[in-house]
2 protein chains.
Amino acid sequence: MAAPTPTTDIAVLGALSVEPMSGYELRGAIQDVLGHFWSESFGQIYPALNRLREQGLVAARPGERASSSVYSVTAQGRARLSELLSSPIRDRPPRNGLMLRLFFGRHLGLDQCLALLDETEAANRAQLAHLRDTQTEVERENLPDAPYFLITIDLGIRTCEATLEWVDDARERLRGAEPAASTRPRR
Amino acid sequence: MAAPTPTTDIAVLGALSVEPMSGYELRGAIQDVLGHFWSESFGQIYPALNRLREQGLVAARPGERASSSVYSVTAQGRARLSELLSSPIRDRPPRNGLMLRLFFGRHLGLDQCLALLDETEAANRAQLAHLRDTQTEVERENLPDAPYFLITIDLGIRTCEATLEWVDDARERLRGAEPAASTRPRR
DNA sequence: CCGGCCATGTAATGTGTTACATGATTTA
DNA sequence: TAAATCATGTAACACATTACATGGCCGG
């Protein structure tokens, strides 16, 4: 029902411009490589592929498996991609659940705030490791897109690093602000 | 129509717990103070306030103006806030339009990529200045919430700083990768 | 031969913004 | 007195996820 929006088209045309693949693989590729700043679900991808095919922006050829298709970008599709990339950026307003909870953390309690910081640390360490792996892989492959891929990865890495430094600092600050709260027994 | 979700309730109850205010002021407060990580529209706020009032979580008293109400959190509301703050975080998957465009920046062209970096720099400088102002203000007011407010502001500042450093680096990298493209006259 | 992955697709549902409608109050 | 701001609220729309449904293929 929901006609996918132009932004989904950018992700789909862009990913297919790097390498032709099936809708299923497309989802995986977007998750793996663009996962730290983008996401697409099957509910968006399949309708988008069909629509883009009807518009002549992608071409489908039978895949190895009977039920699968391999999609590739047509010349028109490349033109459309350039056009879409120039279109104004309209991001949804931010909604960061972690920050919201920490902001009102006084009502949550010190222990739970520290637990949130622990989770954040773990998530960012994992993310950082994944980004470094991807970085190494991209550097090895020597694609024409490499400089562009690498700067986006670099921002991800810097953001993770800044967040990890912040976690350490935030922990100390919260412990300092309410020294006895976490160890005080309930009377 | 759309029943506001629990996350809106956190923002509304949390903001009102700091200081009672009208729905209109609530929007402004969320924009000013939580704006770098959260957002609520009137279409969410007003239905939420009415629902929370029916549930006895907030109380409304007439404001200075005839058509306005000042909402404050009740004891039940405070309990509910603590509960909501402990609920699992379910963020929407990320969708960063800038990163998406830079990732496929080869199809956009060097000049437009550099323009995107310029916009990013300007936006982050402005954001950083605003965060520093807010930081100073919070430190001056000496609220019990201050430590929690300050750590969220600090993450914002660190993220801006990291992004600004990244912009410089990204510019150099892109210029180095396609040295002649930006100055080459069209034949 | 069965569990898990590959593969496609649709319908229902949730979530949230934008646009619209209305009117009081303040300020220039 | 006109424009801007304060103030509340609803309806329509846009966007995306989740759940569901279906079936082929492969390895153990």
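So that the names make sense, note that chain A is the first sequence line, chain B the second, and so on, each numbered from 1.
Judged by the 6.0 Å distance and 45° axis criteria, A:R95 is not positioned over the aromatic ring of B:F37. Judged by the 6.0 Å and 45° rule, A:R53 forms no cation-pi pair with A:Y71.
Within a 6.0 Å radius of CD in A:E141, other residues, nucleotides and ligands contribute more than 12 heavy atoms.
Atoms CZ (B:F42) and P (C:dT18) sit 12 Å apart, rounded to a whole Å. Look at CG on A:N96: it is 14 Å from P on C:dG16, rounded to the nearest Å. Rounded to whole Å, atom P of D:dA14 lies 18 Å from atom CD of B:Q44. Rounded to an integer number of Å, the gap from B:M21 CE to D:dA7 C1' is 15 Å. The distance between atom CG of A:D9 and atom P of D:dC15, rounded to the nearest whole Å, is 11 Å. Rounded to whole angstrom, the span from the OH atom of A:Y46 across to the P atom of D:dA19 amounts to 17 Å. Taking atom CH2 on B:W38 and atom P on C:dT15, their separation rounds to 12 Å, with Å as the unit. Whole-Å rounding puts the B:R51 CZ to D:dG9 C1' distance at 15 Å.
With 3.5 Å as the limit, one finds no donor-acceptor pair spanning the side chains of A:Q31 and A:S39.
Along DNA chain D, the nucleotide closest to A:S41 and the one closest to B:N50 are compared, and the more 5′ of them pairs with B:N50.
Test B:R51, B:Q55, B:R80 against B:D9 for side chain to side chain donor-acceptor pair (under 3.5 Å) and you get one pass: B:R51.
You'll find that the side chain of B:R90 is closest to D:dT18, out of C:dG9, D:dA7, D:dT18. Nearest to the side chain of A:R92, among C:dT8, D:dA16, D:dT8, sits D:dA16.
OP1 or OP2 of D:dT8 has not a single side-chain nitrogen or oxygen of B:Y24 nearer than 4.0 Å. Between C:dG16 and A:R95, a contact under 4.0 Å exists linking OP1 or OP2 to a side-chain N or O.
Between B:L116 and B:L98, the closest side-chain pair of non-hydrogen atoms falls below 4.5 Å.
Across residues 53-74 of chain B, B:R65, B:A66 each have a non-hydrogen atom less than 4.0 Å from an atom of DNA chain C (numbered order).
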Passes ring pair (Phe, Tyr, Trp, His ring centres under 6.0 Å), A:F149 versus B:F103? Steps please. CA-CA 5 Å; A:F149 290 1; B:F103 193 89; 4.1 Å; yes
